[in-house]
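These notes concern the structure reproduced below.
Below, each value reflects all heavy atoms present in this structure, side chains not excepted, and no hydrogens, waters or symmetry copies. Quick caveat: nothing in here was measured; it's all calculated off a predicted structure.
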Amino acid sequence: MNKLGIEVSLKNIPELDPDFFPVLRFNQAFLKDTAKPVAIAVERDRGQVAVCRTFIHGTDEWYEADCYYMDRLLKSMLWMKGGWKVYVAGDEKVGRYLQETYAPTGARAFDADFMAGVYERPFEVVLCDQVPAEHDVSQAIGRHMDGCRIGFDAGGSDRKVSAVVDGETVFSEEVVWFPKITADPQYHYDGIVSALKSAAEHMPRVDGVGVSSAGVYINDRTMVASLFLKVPKEEFDAKVKDIYIRAIHDTFGDVPFAVCNDGDVSALAGAMSLEDNSVLGIAMGTSEAVGYVDEKGNITGWLNELAFMPVDVNADAMADEWSGDIGCGVKYFSQDGVIKLAPRAGIELDESLSPAEKLKAVQQLMEEGDDRAAAVYRSIGVYLGHTLAYYYDLYGCRHVLLLGRVMSGKGGDVILETCKQVLADEYPELEGRMLPELPDEKFRRVGQSMAAASLPKLKKEIPLN
């Protein structure tokens, strides 16, 4: 396959998507004949800076390929680590291209606007002679089991809460709610407070509260979250950004608390169950949700929004409806990926069904031994094998926990088996370095809400009455 003059040959190709072109293989082939050093740095909150030093061709002949490579690289950096200010050094022409591309009227206007909203700063790309130095601060959080704690897990279809006393779950509750279709933030606030009070009734006191919630959270504040999708911007700024802080303070006063992205809490729960660190958790459900616990066992504060990260450089790849970009993870590692591939396998899905119901229909066929459904899952397994090699290139993760509805049942087994085959065949250098796996029973016992309960560090050790 060829992209802008870059030739790549694959051993493993998704049977239902023969034009899939893994971004890592493109990058590797692109870099073989490059010699001009360039650098990108991305600044985010608290002065943290992520730096990538790489090479391009730097000639008129390869200008288009250079621009494409640098665009995909910058986009990957933004959605992995986040940032509001980009520094580009080494090539003025390519730097100008990135400025135009990430401008308010450019092709990546969505990405720039999203980052501006997350960090509450105007997004900008600046050219410089030398990028700033790398500066990264990970946060030791979680794994605290002392005292009487509440863990709250806010999902899009249900909310879960646990009461945990000295590491033992004494109460848990799961309640259906509808946050994504509700515009009044009071509904969300009342649901959160109701869950907190429900757990508190089963403990002598509340020493700390941990929250796991879908979305982007900085300093415990809600910056972007699909849970509040219908809330008007004015109401969001006034009542949602500090919603968890207010709910906890109003209910329990000045108790320690922590609010984290649910993907990070999933990765933390995985690290706790594995009794090891360097864990990347990937949940394939409504979207692709990702979290990461680093080598030190810390949560990084990176965005890890890999649903928007490019994984396929095929020019005809499917576009994501939200960002408008093509070849991004959400169309490969979520229910959207299953729905995309099903017609190609000859499976006709009732268009009146919801996306979740369409996924269930394919899962039912898989349970019945339908090879058309198996072809869908084998294709996702090939996607995943190539993409995990890319994620390893970015994170260096030792463990990858595969979670979510898409990974459930026989289909999940096929995805995992195929993924491992692709990794062994195409990326043998990763053998023994990275292990993709499904969660075990210990992980299920730890649970998302219990891991959330372990997030805050108490002000002092409080003996149980």
Side-chain angles (χ1 to χ4, degrees), residues 13-21 110 114 155-158 176-183 187 214-215 224-231 282-290 305-384 387 402-415 418-419:
I13 298 172
E15 58 196 277
L16 299 179
D17 192 356
D19 294 323
F20 174 68
F21 194 158
F110 169 85
F114 189 101
S157 56
D158 53 60
V176 174
W177 71 335
F178 306 96
K180 290 186 176 183
I181 60 174
T182 305
Y187 170 86
V224 179
S226 60
L227 295 175
F228 310 101
L229 190 63
K230 296 295 184 181
V231 178
I282 303 175
M284 304 183 203
T286 305
S287 184
E288 178 190 10
V290 177
E305 291 288 345
L306 304 193
F308 295 106
M309 182 182 285
V311 300
D312 182 6
V313 303
N314 172 24
D316 295 319
M318 183 175 285
D320 162 43
E321 296 86 353
W322 194 6
S323 71
D325 203 356
I326 64 173
C328 298
V330 66
K331 290 300 182 183
Y332 299 78
F333 308 116
S334 72
Q335 63 190 17
D336 284 6
V338 174
I339 295 166
K340 175 186 76 174
L341 294 174
R344 303 182 191 183
I347 300 172
E348 294 185 13
L349 297 172
D350 186 345
E351 289 304 315
S352 68
L353 298 177
S354 69
E357 289 169 331
K358 289 178 180 179
L359 172 61
K360 287 181 180 179
V362 177
Q363 288 175 322
Q364 182 60 41
L365 290 173
M366 186 67 203
E367 294 301 315
E368 295 169 358
D370 193 312
D371 192 59
R372 297 175 301 167
V376 170
Y377 289 105
R378 287 194 297 268
S379 295
I380 294 174
V382 176
Y383 289 154
L384 186 62
T387 302
L402 302 171
L403 315 163
R405 293 190 301 272
V406 174
M407 289 302 302
S408 64
K410 292 181 179 179
D413 294 335
V414 170
I415 290 173
T418 306
C419 168

Taken to the nearest 0.5 Å, the spacing of D336 CG from T286 OG1 works out to 9.0 Å
Do Y332 and I380 make a side-chain contact, defined as non-hydrogen atoms from C-beta onward lying under 4.5 Å apart? no
Could you tell me whether the side chain of Y383 reaches within less than 4.5 Å of the side chain of T418, counting heavy atoms only? no
Just how far is it from atom CD1 of I282 to atom CG of L306, taken to the nearest 0.5 Å? 7.0 Å
If you round to the nearest 0.5 Å, how far is CD1 of I339 from CG of L353? 9.5 Å
Is the backbone of V330 close enough, under 3.5 Å, to the side chain of S287 for a donor and an acceptor to pair up by distance? no
Strictly distance-based, threshold 3.5 Å: is any side-chain N or O of S226 a donor or acceptor partner for the main-chain N or O of L229? no
Assess whether atom CD of E368 is packed by more than 12 heavy atoms of other residues, nucleotides or ligands within 6.0 Å. yes
Residues at least two apart in sequence or cross-chain that pass side chain to side chain contact (heavy atoms under 4.5 Å, CB included) with K410, listed by chain then number, are M366, E367
Roughly how far apart are L384 CG and I415 CD1, rounded to 0.5 Å? 7.5 Å
A side-chain contact here means heavy atoms from C-beta on lying under 4.5 Å apart; do M284 and L403 qualify? no
Distance-only, no hydrogens or angles: does the D312 side chain make a donor-acceptor pair with backbone N or O of F21 under 3.5 Å? yes
Nearest heavy atoms of V376 and A345, plus distance in Å: CG2-CB, 4.0 Å
Can R344 and E15 be counted as an ion pair, charged N to O under 4.0 angstrom? no
Does any part of the side chain of T182, heavy atoms only, come nearer than 4.5 Å to the side chain of K180, both counted from C-beta? no
Taking side chain as C-beta onward, heavy atoms only, is V338 less than 4.5 Å from V406? yes
Checking Q363, Q335, E351 against K358 for side chain to side chain donor-acceptor pair (under 3.5 Å), the one that qualifies is E351
So which atom in W177 and which in G155 form the shortest heavy-atom distance, rounded to 0.1 Å? NE1-O, 3.0 Å
Can you tell me how far the OG atom of S334 sits from the CZ atom of R405, to the nearest 0.5 Å? 9.5 Å
Using distance alone, with no hydrogens and no angle criterion, decide if D350 and S352 have a side-chain donor and acceptor under 3.5 Å apart. yes
Any donor and acceptor pair, going by atom type alone, linking the side chain of S323 with main-chain N or O of D325 inside 3.5 Å? yes
Between Y187 and F178, is the ring centre distance below 6.0 Å? no
W322 side chain to F308 backbone, donor-acceptor under 3.5 Å: no
How far apart are the closest heavy atoms of A342 and L349, and which atoms are they? CB-CD1, 3.8 Å
Quick one: does F333's side chain get under 4.5 Å of T387's, heavy atoms only? yes
Would you call K331 and D17 a salt bridge, using N to O less than 4.0 angstrom? no
Do L341 and V362 come close enough that some side-chain heavy atom pair is under 4.5 Å? no
